[in-house]
**Q** 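Take this structure first; my questions come after.
The basis for the numbers below is simple: all heavy atoms, side chains too, and nothing from hydrogens, waters or symmetry mates.
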Amino acid sequence: MANTWGDDKILSYNDVVLRRSDLDILNGPNFLNDRVIEFYLSYLSTLHTSPRTISLIPPSIAFWISNCPDTESLKDFMKPLRLLDSDLVILPVNDNLNVELAEGGLHWSLLVYYREANSFFHHDSFMGSNRWSAKQLYKAVSPFLSDGDAVYRECSDTPQQKNGYDCGVHLLATAQVICKWFGSGGVKNRDELWLGDVKETVPDVVNHLRKDILGLIKRLMSEKSVE
C-alpha cells in the first residue's frame with residue numbers, strides 16, 4: 001500500500017526520521033509522539049559541548065529498559081549505551097503498560113540521573129501521575145548507573161501543564177533547561193542543582209517550544225535541500 005501524504009518522510013536527522021504528520025502534531029493541540037521527542041533530544045545532544053558526558057536516551061530505549069523481562073538480555077542491551085561513562089542521563093518516561101503497543105500510553109514525564117549527587121530526579125508535569133512508571137524505570141536502570149544505591153526523588157516543584165496534551169512539551173522544555181544548566185558547568189545554584197532553573201524558566205519555554213521545534217525542523221529541511 002502506498003504511503004499517505006501524512007506519512008511522507010520530510011527529514012532524516014541522526015537516527016530519527018520525521019514525517020509530515022509530525023508537523024501536524026506540533027502545529028496543533030496534540031500529544032507529542034516518540035519521533036518528535038527523540039528528534040529534539042537528539043538535537044539537544046548536538047548542542048552539548050561540555051567535557052563532561054551527557055546521555056539523552058530515546059523514548060523507545062528507555063521503554064525497553066523499563067520493560068525488558070530478561071535480566072541477562074538487559075545486561076547485553078545496556079553495554080553499548082556506556083551509561084557508566086555519563087555524568088548526566090536523561091530518560092523519557094511513558095505510562096504505556098502494553099509492551100506490544102507501539103507509541104502507546106497517555107502521559108510523558110522525565111527521569112534524570114546526576115552522577116555527582118548519585119540521585120535520580122523525576123519531573124512530572126501532571127501531579128506526579130507517572131510516579132509508578134518512573135520508579136519502574138529507576139529500578140531497572142539504576143544498577144547500570146551506580147552500585148544500586150542511587151536515591152530516587154520526586155521533584156514536587158516541577159511546573160505543571162495547563163492542559164491534557166502538553167506533557168511531552170514539558171518533558172522537552174525541562175530537558176532543555178537541564179542541559180543548559182549542565183552545559184554551563186553545573187555551578188549555578190550548585191546546592192539546588194537545576195531545580196530552581198526548571199521552576200522559573202520551563203513555563204516560558206513551554207509557551208514557544210512547539211513553534212521553536214517547527215522552525216528548527218524547517219531550517220534543517222532547508223539545509224538538507226541545498227546540500
Side-chain angles (χ1 to χ4, degrees), residues 1-50 53-66 77 80-83 86 88-96 101-112 123 125 161 163-180 182-183 201-202 204-227:
M1 182 181 294
N3 284 344
T4 63
W5 185 80
D7 285 333
D8 289 346
K9 296 178 182 179
I10 59 169
L11 178 68
S12 294
Y13 183 82
N14 294 338
D15 294 327
V16 187
V17 176
L18 291 177
R19 300 182 180 277
R20 195 166 300 280
S21 57
D22 297 322
L23 298 182
D24 295 333
I25 287 173
L26 285 164
N27 268 313
N30 301 302
F31 183 83
L32 297 191
N33 63 11
D34 289 40
R35 285 196 302 271
V36 172
I37 289 175
E38 182 175 358
F39 163 74
Y40 195 65
L41 292 179
S42 181
Y43 172 72
L44 288 178
S45 71
T46 67
L47 302 181
H48 178 66
T49 57
S50 168
T53 306
I54 183 171
S55 293
L56 294 103
I57 307 301
S60 59
I61 301 298
F63 182 73
W64 177 246
I65 294 171
S66 185
F77 181 80
L81 298 179
R82 300 174 59 88
L83 295 185
S86 298
L88 183 76
V89 181
I90 289 178
L91 303 120
V93 180
N94 189 277
D95 64 351
N96 183 13
L101 180 63
E103 297 194 8
L106 297 171
H107 185 52
W108 292 107
S109 60
L110 189 69
L111 187 66
V112 183
H123 292 275
S125 62
Q161 63 195 81
N163 52 52
Y165 51 82
D166 265 345
C167 52
V169 179
H170 274 259
L171 181 164
L172 295 179
T174 303
Q176 180 196 115
V177 171
I178 294 172
C179 287
K180 184 177 181 180
F182 186 73
T201 62
V202 161
D204 181 61
V205 176
V206 165
N207 287 337
H208 54 77
L209 189 55
R210 285 180 184 267
K211 182 178 179 181
D212 291 349
I213 297 175
L214 275 169
L216 171 64
I217 292 171
K218 291 174 180 178
R219 176 173 64 80
L220 292 172
M221 288 172 62
S222 178
E223 291 173 358
K224 290 277 186 180
S225 68
V226 298
E227 287 181 356

**Q** Do any pairs count as a salt bridge (charged side-chain N to carboxylate O under 4.0 Å, His left out) and have a residue in residues 166-178, sequence neighbours left out, and if so which ones?
**A** Asp166-Arg210
**Q** Give the ring-plane orientation class for Tyr43 versus Tyr13, where under 30° counts as parallel, over 60° as perpendicular and anything between as tilted.
**A** tilted
**Q** Would you call Phe39 and Leu220 a side-chain contact if the rule is heavy atoms closer than 4.5 Å?
**A** yes
**Q** So, Thr174 side chain and His170 main chain: donor-acceptor pair closer than 3.5 Å or not?
**A** yes
**Q** One pair to check against side-chain contact (heavy atoms from CB on, under 4.5 Å): Ile178 and His123. What are the steps and the verdict?
**A** CA-CA 11 Å; Ile178 294 172; His123 292 275; 4.1 Å; yes
**Q** Can you find a pair of side-chain heavy atoms, one from Asp34 and one from Phe63, that are under 4.5 Å apart?
**A** no
**Q** What I'd like to find out is whether the side chain of Leu11 reaches to under 4.5 Å of the side chain of Asp22, using heavy atoms alone.
**A** no
**Q** What pairs with Ser55 under side-chain contact (heavy atoms from CB on, under 4.5 Å), at least two apart in sequence or on another chain?
**A** Ile57, Leu83, Ser86, Val89
**Q** Determine whether Phe77 and Ile65 make a side-chain contact, defined as any pair of heavy atoms from C-beta on separated by less than 4.5 Å.
**A** yes
**Q** Any heavy-atom pair between the side chains of Cys179 and Leu56 that's under 4.5 Å?
**A** yes
**Q** Using every non-hydrogen atom in the two residues, find where Leu209 and Val169 come nearest and quote the distance to one decimal.
**A** CD2-O, 3.7 Å
**Q** Could you grab the distance from atom CG of Leu91 to atom OG of Ser109, nearest 0.5 Å is fine?
**A** 10.5 Å
**Q** Please lay out, stage by stage, how Leu216 and Tyr40 fare under the test side-chain contact (heavy atoms from CB on, under 4.5 Å).
**A** CA-CA 9 Å; Leu216 171 64; Tyr40 195 65; 4.2 Å; yes
**Q** Dump the intermediate steps for side-chain contact (heavy atoms from CB on, under 4.5 Å) on Ile217 and Leu26, then the final yes or no.
**A** CA-CA 11 Å; Ile217 292 171; Leu26 285 164; 3.7 Å; yes
**Q** Using modelled atom types only, decide if a donor and an acceptor are shared between the side chain of Asp204 and the backbone of Thr201 within a distance under 3.5 Å.
**A** no
**Q** So which atom in Pro92 and which in Ala62 form the shortest heavy-atom distance, rounded to 0.1 Å?
**A** O-CB, 3.4 Å
**Q** Which value, rounded to the nearest 0.5 Å, describes the distance between Met221 atom CE and Ile10 atom CD1?
**A** 4.5 Å
**Q** How close do Leu172 and Leu44 get, heavy atom to heavy atom, and via which atoms?
**A** O-CD1, 4.5 Å
**Q** Give the intermediate values and the outcome of side-chain contact (heavy atoms from CB on, under 4.5 Å) for residues Val17 and Arg35.
**A** CA-CA 7 Å; Val17 176; Arg35 285 196 302 271; 5.7 Å; no
**Q** What pairs with Ser60 under side chain to side chain donor-acceptor pair (under 3.5 Å), at least two apart in sequence or on another chain?
**A** none
**Q** Could you state the interatomic distance from CG (Asn33) to OG (Ser21), rounded to the nearest 0.5 Å?
**A** 7.0 Å
**Q** Roughly how far, to the nearest 0.5 Å, is the CG atom of Leu32 from the OH atom of Tyr165?
**A** 11.0 Å
**Q** For Leu214, look at atom CG and say whether over 12 heavy atoms of other residues, nucleotides or ligands are found less than 6.0 Å away.
**A** yes
**Q** For residues Pro59 and Ile37, report the shortest heavy-atom separation together with the two atoms involved.
**A** CG-CG2, 3.6 Å
**Q** Can you name the closest pair of heavy atoms from Trp108 and Cys167 and give their distance?
**A** N-SG, 3.4 Å
**Q** With rounding to the nearest 0.5 angstrom, report the CZ to CG distance, Arg19 to Asp8.
**A** 8.5 Å
**Q** Can you tell me if CG on Asp15 sees more than 12 non-hydrogen neighbours from other groups inside 6.0 Å?
**A** no
**Q** If you look at every heavy atom in Ser125 and His107, which pair is closest and at what distance?
**A** OG-CE1, 4.0 Å
**Q** Enter the distance from Ile25:CD1 to Asn30:CG here, rounded to the nearest 0.5 Å.
**A** 6.5 Å
